[in-house]
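One structure is given below, encoded as structure tokens.
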Amino acid sequence: MTTLTFADWQQRARDLRIEGRAFIQGEYTAPSAGASFDCISPVDGRVLAQVASCDEADADRAVISARMAFESGVWSRLAPAKRKATMIRFANLIQANAEELALLETLDMGKPISDSLGIDIPGSANALRWAGEAIDKVYDEVAPTPHDQLGLVTREPVGVVAAIVPWNFPLMMACWKLGPALATGNSVVLKPSEKSPLTAIRVAQLAIEAGIPPGVLNVLPGYGHTVGKALALHMDVDTLVFTGSTRVAKQLMIYAGESNMKRVWLEAGGKSPNIVFADAPDLEAAARSAASAIAFNQGEVCTAGSRLLVESAIKERFLPMVVEALKSWKPGNPLDPATNVGALVDTQQLDTVLGYIEAGRNDGAQVLIGGQRTMQDTGGLYVEPTIFDGVSNAMKIAREEIFGPVLSVITFDTAAEAVAIANDTPYGLAAAVWTADISKAHLTAKALRAGSVWVNQYDGGDMTAPFGGFKQSGNGRDKSLHALDKYTELKATWIKL
């Protein structure tokens, strides 16, 4: 870890030179129409850079580049062991440039520098390295056949992948896609969110330095309704992968159907329940976890534990512990290494979060802590972590994804009631269960309709565990060997001997 101080990071922010152009065919390039937009920092409201606003013409350029690289075989037919070595070099370059990338992430998105440097950038490098390390250890299959037949079951890269990634973990979510997509031999057109495009633009050059051939990775900053839509409708994109809202995910499925029936893999929203039973082994730990599950990354997390389900018998004892734990999560300047709650990503998200807080009050829920905008004198976008008590699962704040530090507390009396409340949502991304009863833990986990269930912790797992959702939280899985399925075609070759 770095020893840089608040003052050091502020000076580096002043000295930082930011690239805002698109990256196509191995080089930075202006968008076809010459359009750009202001990249505004939520830290203090200043304009960081002018960023290319790509459009349909740029999507065509990038897809043509990706297709040519794929068909040439320079990457797609490279031996897996050689792709592995290049992927590891790519990961190492991200680590070597960690401080620059962390600074870009914090200035662009508003998260604390300690998180950018300690979680996001190492996690991004690890995702690339893990996929690279795996790719020369994955075997194809031989079917059981008669003695005069040979049946081969092989996987091939799908071709051109368009990856549309979110603004909350900009580089890490991109690398969750890039790792398996590149390792399996595909070419990728990466479209970062217009709210946080800077690290994606920067790492494109690192990919070239690592030895990834020109055209294999292209980056198109811009808006979803322009370049994002163009990629989703493009007739020469074979697979579209996406992390973001359920609303946009549904639209992308429509675009795929209206174009070439490209495969669409989606990781969408969540309204994750964090269930605390009366027999939880450590209520203090559960309280600290409940606080971090909603305050980490300003609550801008698809798996945020935004519904805290508490067994009635312990509510009066447990809830004050959660309130006390949340007091340690205080908004501050994200460039200060001591800060653990940064700025919301932009004014739109600020207004959304404040609107939900007002809706909670109007519906009769009680604010126990927080509930206000703060630090307005900085020009930044900060909201106090907030807890609502007296919430019913029918309230707007309990049903809709807020994507901010707003926690709804709901009580239950039985395990069956807890499961019913937890599953009463259109989402199914994640859930947690706190209990000392191993049978109750297993039975509750089985009953929860969620892609990830954590027991006596929140947000566990690593690259070996698949990540994705049930219901309207999406389909397919990121991370683990299961992620390779999204980026490959399965082929059966039957040979008469």
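Heads up: numbering here begins at 1 and tracks the sequence. Computed over heavy atoms, backbone and side chain alike; hydrogens, waters and symmetry mates excluded.
Distance alone, capped at 3.5 Å, places no donor-acceptor pair between the S272 side chain and the G305 backbone. Under the 3.5 Å distance criterion, the side-chain polar atoms of E489 are left unmatched by any main-chain donor or acceptor of V158. A donor-acceptor pair under 3.5 Å is formed between the side chain of K191 and the backbone N or O of G222. Between the side chain of D55 and the backbone N or O of A57, at least one donor-acceptor pair lies under 3.5 Å. Between the T378 side chain and the D44 main chain, no donor and acceptor come within less than 3.5 Å of each other. Remark: the backbone N or O of A293 is not paired with any side-chain donor or acceptor of D459 at under 3.5 angstrom. Proximity of a side-chain donor or acceptor of E267 to a complementary backbone N or O of G469 within less than 3.5 Å is not detected. Between the side chain of Q349 and the backbone N or O of L344 there is no donor-acceptor pair closer than 3.5 Å. Side chain of S408 to main chain of F388: no donor-acceptor pair is present (N/O by atom type, distance under 3.5 Å, no hydrogens or angles). With hydrogens and angles ignored, the 3.5 Å screen pairs a side-chain donor or acceptor of S473 with a backbone N or O of G428.
Within a 6.0 Å sphere centred on NZ of K330, other residues, nucleotides and ligands contribute 12 heavy atoms or fewer. Shown here is E56, whose CD atom has no more than 12 heavy atoms of other residues, nucleotides or ligands within 6.0 Å. Atom CD of E316 sits in a sparse spot, with 12 or fewer heavy atoms from other residues, nucleotides or ligands closer than 6.0 Å. Surrounding CE of M253 are at most 12 heavy atoms belonging to other residues, nucleotides or ligands under 6.0 Å away. Within 6.0 Å of atom CZ in R46, more than 12 heavy atoms from other residues, nucleotides or ligands are found, so the atom counts as buried in its surroundings.
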(message) What verdict does the ring-ring contact (aromatic ring centres under 6.0 Å, His included) test give for F296 and Y458, after you've listed the backbone C-alpha separation in whole Å, the side-chain angles of each residue and the deciding distance to 0.1 Å?
(response) CA-CA 11 Å; F296 170 67; Y458 202 90; over 10 Å; no
Worked check of side-chain contact (heavy atoms from CB on, under 4.5 Å) between W167 and T243: CA-CA 9 Å; W167 48 260; T243 296; over 6 Å; no
Begin from the C-alpha positions of R307 and I397 and carry the test side-chain contact (heavy atoms from CB on, under 4.5 Å) through to its verdict. CA-CA 9 Å; R307 291 187 297 153; I397 57 172; over 6 Å; no
**Q.** Steps toward side-chain contact (heavy atoms from CB on, under 4.5 Å) verdict (D108, S41)
**A.** CA-CA 5 Å; D108 200 8; S41 176; over 6 Å; no
**Message:** Walk me through whether R202 and E100 qualify under salt bridge (Lys or Arg N to Asp or Glu O under 4.0 Å).
**Reply:** CA-CA 10 Å; R202 176 68 181 97; E100 177 194 359; 2.9 Å; yes
Starting from the C-alpha separation in whole Å, work towards a yes-or-no answer on side-chain contact (heavy atoms from CB on, under 4.5 Å) for Y427 and T246. CA-CA 9 Å; Y427 303 111; T246 295; 3.3 Å; yes
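Counting only heavy atoms from C-beta outward, the side chains of K471 and P426 never approach each other to under 4.5 Å. Contact check for K271 versus R399: no side-chain heavy atoms found under the 4.5 Å cut-off. In this structure the side chain of K177 never reaches within 4.5 angstrom of the side chain of L190, judged on heavy atoms. Side-chain contact between Q10 and D336 is absent, with no heavy-atom pair separated by less than 4.5 Å. Proximity of Q372 to V383: side-chain heavy atoms (C-beta onward) are nowhere separated by under 4.5 Å. Between N186 and L182, every side-chain heavy-atom pair lies at or beyond the 4.5 Å cut-off. Looking at heavy atoms from C-beta onward, L231 lies in side-chain contact with V63 at the 4.5 angstrom threshold. Looking at heavy atoms from C-beta onward, P221 lies in side-chain contact with C54 at the 4.5 angstrom threshold.
Annotation: the span from W130 atom CH2 to S480 atom OG amounts to 6.0 Å, rounded to 0.5 Å. Note: L283 CG to F277 CZ = 13.0 Å, rounded to the nearest 0.5 Å. Of the inter-residue distances, the one linking E417 atom CD with N393 atom CG reads 10.5 Å to the nearest 0.5 angstrom. Once rounded to the nearest 0.5 Å, the distance linking OG of S187 with CG of N218 reads 7.5 Å. Put simply, CZ on R373 and CG on L381 are 6.0 Å apart, with the number rounded to the nearest 0.5 Å. Atom OG in S124 sits 9.5 Å away from atom CG in L178 (nearest 0.5 Å).
Under the 3.5 Å distance criterion, with hydrogens and angles disregarded, a donor-acceptor pair is assigned to the side chains of D60 and H234. Remark: the D437 side chain and the T435 side chain contain no N/O donor-acceptor pair separated by less than 3.5 Å. Side-chain contact of K262 with S259: a donor-acceptor pair under 3.5 Å is present, judged by distance alone. If you check the side chains of S116 and E105, you find no donor sitting under 3.5 Å from an acceptor. Side chains of S312 and D413: a donor-acceptor N/O pair is present below 3.5 angstrom, by distance only.
Across N274, D282, N456, a single residue satisfies side chain to side chain donor-acceptor pair (under 3.5 Å) together with W434, and that is N274. Screening I387, V323, L326 for a side-chain contact (heavy atoms from CB on, under 4.5 Å) with L407, the sole residue that qualifies is I387.
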For a quick test of your reading: what N or O donor-acceptor pairs under 3.5 Å do the side chains of residues 360-370 make, sequence neighbours left out?
{"unit_1": "R361", "atom_1": "NH2", "unit_2": "G371", "atom_2": "O", "d": "3.3"}
{"unit_1": "N362", "atom_1": "ND2", "unit_2": "E358", "atom_2": "O", "d": "3.3"}
{"unit_1": "Q366", "atom_1": "NE2", "unit_2": "G364", "atom_2": "O", "d": "2.5"}

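Closest non-hydrogen pair, R477 versus F470, comes out as NH2-CE1, 3.6 Å. Nearest heavy atoms, P337 versus L335: CD-O, 3.3 Å. When all heavy atoms of A232 and L252 are compared, the closest pair comes out as CB-CD2, 3.7 Å. Taking all atoms of both residues into account, the shortest heavy-atom contact from N423 to R449 is OD1-N, 2.9 Å. Here the closest non-hydrogen pair linking C175 and P180 is O-CD, 4.3 Å. Closest approach of I164 and G228 over heavy atoms only: CD1-O, 3.9 Å.
For the pair K111 and F169, the cation-pi criterion (under 6.0 Å, within 45° of the ring axis) is fulfilled. Taking the centre and axis of the six-membered ring of Y356, the NZ or CZ atom of K396 falls inside the cone set by 45° and 6.0 Å.
The pair D346-K195 counts as a salt bridge, with a side-chain nitrogen and a carboxylate oxygen less than 4.0 angstrom apart. For E324 and R288, the salt-bridge test fails: no basic side-chain N is under 4.0 Å from an acidic carboxylate O. Using a 4.0 Å cut-off between charged side-chain N and carboxylate O, D478 and K486 make a salt bridge. The residues K440 and D279 are annotated as salt-bridged, a charged nitrogen and a carboxylate oxygen being separated by less than 4.0 angstrom.
Y487 has its ring centre no less than 6.0 Å from the ring centre of W265.
In this view, H225 and Y223 satisfy the ring-ring contact (aromatic ring centres under 6.0 Å, His included) rule, not counting sequence neighbours.
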